[in-house]
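Below is one structure, written out as structure tokens; the observations come after it.
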Amino acid sequence: MAKVPQNAISPTREEDYAEWYQQVVRAADMAETSPVRGCMVIKPWGYSFWENIQKNMDAMFKETGNQNAYFPLFIPKSFLEKEAEHVEGFAKECAVVTHHRLEAGPDGGLVPAGELEEPLVVRPTSETIIGALYAKWVQSYRDLPILINQWANVVRWELRTRLFLRTAEFLWQEGHTAHETSEEAWEETRQMLRVYRDFAQDYLAMPVLTGVKTPNQRFPGAVETLCIEALMQDRKSLQAGTSHFLGQNFAKASGIIYQSREGREEYAWTTSWGTSTRLIGGAIMTHADDDGMVMPPRLAPTHVVILPIYRKEEERAASLEYAEKIAAGLRKVDTVWGGKVEATVDRRDLNAGEKGWDWVKKGAPIRVEVGPRDIEKNAVFVARRDKGPKEKYGQGREDFIAAVPAVLAEMQANLYAKAEAHRAANTRDIDDPKEFYSFFTPKNAEKPEIHGGYAMSHWCGDAACEEKITNDLSVTIRCLPFDREKSGPGKCVVCGKESPGRVPFAKAY
RNA sequence: CGGGGCGUAGCGCAGUCUGGCAGCGCGCCUGCUUUGGGAGCAGGAAGUCGGUGGUUCAAAUCCACUCGCCCCGACCA
């Protein structure tokens, strides 16, 4: 018997959080770095999770009346230049295509040839190219609203990348809508943020704060940016989705003009909203533990993994047959969320212990071992990913199959409750500036331990106070909560001036 | 882009200071035994030592340049 580590993942979260994260992604076989700088390869187990995110979120978009479409990957440089703040915000991180051909070079290599008259920018986001099309499509108020989403990849030349959390290329969805009135566009902006909030909480089991970004942290070109923010296990906040009210800024830049009911020419009011593969990083840092990934059951690539146990060749056939029988039984059962239970039989000819750990690391919600003893008793041996790896229990086959939907629902609820408790335990009302600074200062400066969380403190609204905190502590105001005033008025934690309510300060990804 | 660390078999690393046959563990392949918590034994395959140039009889090792990765920071729509 080989000596094995206590936990499946080394180092643990406590020992080295950043390294733990990478090891989880690797051990769960969700993604890996690629030969291309800053770009990841999303592997089947990770991509399948993404497909479930897409499928479920897409259904929510459709319920709001949005439809999917697809726009070009390339944006002519001049398009991006049309909105001044937008250009400035994105200029530093764009991949630019300048040639359209390769020719044989002197050393047998290839050299770019055929210089483009106008460089093409690989989309960092599509407001400008979509705006150009909307300008064509909109003539009259009768053409509004336009409610379109696209699932696509975008490129932002990030200097420091981390799998799922920040990669040079990533997958996302971006909704772009155009409306007749400001009120209507505002309602769309808020509605889509509610969709994101509900998706994060009900599907990813990830509790989020919702609110408005401060002017400093707004999307370039937006009038207001709304966001959802989630607290990760290292007590840093993750911006998990944004919804922008763009006013008439992009309509003016792109010429989205309609003739109103009164016959006047008016600029349309637009919105944009997006979430990305970053949600996967959020799910990992919300639920994974020192044994690896923990998939939220509602979006897990598979719900139940069946591990056939056998010693001899005769037992092998019997165990596999029994496993398939259970899988078939499970696949007829509805989950509480609609859709059938997904069951996988692991037929790989590996040591049973190794197979079991493999699925622990991947975060499959339920594992069942079935072997000769179970076949004899018409039973199964069950392990849940939300419990310790040793907490297993035997159960009759039919009872187990019937119980799976409720168990999955309970696990989903447990994951949410655990994440919410973690957030509550690391959220603190702070009024004293000294306490504020010590809250965000690690005891060990050399090798900072996990510290901080959400400091719910007062802010006067002055950008200078916000900047001071950012400069001193790398802490930002994550959002101005919609229910900010519920916490009551107070004094700004920086300057002491009046504040209408508390706002969450945190370190962030 | 600044500071630090690192590129040697699929993965993790030793060897570099002090130049002299390319190594270890895991994984992989074959066989047998195993299989209900990360298997055992035996045999085997696998390397442009990140790249280019230089010094030398000889370079993973020394020198120059260069590419890339990781951590911290800055930036992050």
Side-chain angles (χ1 to χ4, degrees), chain A residues 1-10 16-19 21-23 26-27 32-38 80 83 85-94 107 123-128 154 156-163 165-168 170 172 174 213 216-222 225 227 238-239 242-244 246 272-274 276 278 291-292 307-313 315-316 319 348-361 367-375 379-383 388-392 394 442 445-448 470-471 474 476 507-509:
Chain A
M1 196 63 85
K3 198 182 160 196
V4 292
Q6 225 174 332
N7 301 301
I9 303 297
S10 175
D16 185 343
Y17 192 85
E19 180 63 20
Y21 175 82
Q22 295 194 103
Q23 293 303 330
R26 197 227 286 230
E32 64 185 56
T33 54
S34 74
V36 188
R37 200 206 90 98
L80 210 60
E83 216 287 338
E85 281 184 41
H86 195 65
V87 201
E88 195 173 331
F90 285 101
K92 282 177 288 185
E93 52 191 47
C94 288
D107 309 320
R123 62 181 164 220
T125 179
S126 304
E127 273 75 6
T128 55
V154 287
R156 298 176 185 182
W157 211 261
E158 301 289 352
L159 297 173
R160 189 176 158 203
T161 58
R162 302 186 68 183
L163 292 176
L165 297 173
R166 180 171 294 107
T167 45
F170 56 94
W172 79 342
E174 49 179 326
K213 282 291 184 199
N216 276 342
Q217 302 195 51
R218 239 175 239 153
F219 176 77
T225 290
C227 66
L238 182 77
Q239 177 176 298
T242 48
S243 184
H244 314 291
L246 303 174
S272 69
W273 25 276
S276 71
R278 180 179 248 203
D291 286 324
L307 306 163
I309 305 291
Y310 45 84
R311 291 165 197 266
K312 304 172 193 132
E313 194 53 30
E315 290 177 351
R316 180 170 179 272
S319 287
R348 292 176 299 171
D349 194 14
L350 288 177
N351 179 280
E354 190 173 357
K355 264 203 253 191
W357 277 105
D358 198 43
W359 292 105
V360 168
K361 289 183 280 193
R367 310 185 301 283
V368 290
E369 296 171 11
V370 297
R373 295 209 293 268
D374 306 291
I375 298 173
V380 295
F381 209 56
V382 190
K390 289 178 189 167
E391 286 179 57
K392 299 188 202 173
E446 299 281 302
K447 189 175 171 295
T470 306
N471 292 337
S474 298
T476 47
K507 294 192 180 178
Y509 275 94

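Because the structure is a prediction, the values reported are computed rather than measured. The sequence lines fix the lettering, A, B, ..., with proteins before strands; numbering per chain opens at 1.
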Partners meeting ring-ring contact (aromatic ring centres under 6.0 Å, His included) with Tyr509(A) (sequence neighbours left out) =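 So Tyr509(A) forms no ring-ring contact (aromatic ring centres under 6.0 Å, His included) with any residue.
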key: Under the ring-ring contact (aromatic ring centres under 6.0 Å, His included) test, residues paired with Trp157(A) that sit two or more places apart   =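 So Trp157(A) forms no ring-ring contact (aromatic ring centres under 6.0 Å, His included) with any residue.
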request  = Would you check if the side chain of Glu174(A) reaches a backbone N or O of Ser126(A) as a donor-acceptor pair within less than 3.5 Å?
outcome  =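 Looks like yes, one N/O pair under 3.5 Å.
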[X] has a side chain; which of [options] sits nearest to it?
X         : options                   : result
Thr33(A)  : rG36(B), rG38(B), rC70(B) : rC70(B)
Ala18(A)  : rC75(B), rG36(B), rC71(B) : rC71(B)
Ser474(A) : rC70(B), rG38(B), rG73(B) : rG73(B)
Arg311(A) : rU35(B), rA39(B), rG36(B) : rU35(B)
Leu159(A) : rU35(B), rC71(B), rC1(B)  : rC1(B)

request  = Please report, rounded to the nearest Å, how far the C1' atom of rG38(B) is from the CZ atom of Arg367(A).
outcome  =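 It works out to 12 Å between those atoms.
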Distance check, [atom1] atoms only: [N] and [M], in whole angstrom units.
N       : M       : atom1 : answer
rU52(B) : rU61(B) : P     : 12 Å
rG10(B) : rG5(B)  : C1'   : 24 Å
rC49(B) : rA22(B) : C1'   : 8 Å
rA60(B) : rA9(B)  : P     : 14 Å
rC67(B) : rG53(B) : C1'   : 14 Å
rA45(B) : rG54(B) : C1'   : 36 Å
rG43(B) : rC11(B) : P     : 27 Å

Which part of the nucleic acid does [X] contact within heavy-atom distance under 4.0 Å: base, sugar-phosphate only, or nothing?
X         : result
Asp374(A) : base
Lys392(A) : base
Glu354(A) : sugar-phosphate
Lys361(A) : base
Gly371(A) : base
Gln22(A)  : sugar-phosphate
Lys390(A) : base

key: rG27(B) pairs with, by Watson-Crick or G-U criteria that keep both distances under 3.5 Å   =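 No nucleotide pairs with rG27(B).
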task = Name the pairing partner of rG2(B), where a pair is Watson-Crick or G-U wobble with both distances under 3.5 Å, or state none.
result =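 For rG2(B), the partner nucleotide comes out as rC72(B), under the 3.5 Å rule.
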query = Toward the 5' end of RNA chain B, which comes first, Glu19(A) or Leu350(A), by nearest nucleotide?
reply =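 The 5'-side residue here is Leu350(A).
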inquiry  = With nearest nucleotide decided by heavy atoms, which residue, Asp349(A) or His244(A), maps closer to the 5′ end of RNA chain B?
reply    =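 Upstream on the strand: Asp349(A).
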Can you name the atoms? Protein N/O to nucleotides 6-14 of chain B N/O, anything below 3.5 Å, with the distance.
from: rC11(B); atom 1: O2'; to: Arg26(A); atom 2: NH1; distance (Å): 3.3

ask   = How far apart are the closest heavy atoms of Glu127(A) and Ser272(A), and which atoms are they?
value =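 Here Glu127(A) and Ser272(A) meet closest at OE2-OG, 2.7 Å.
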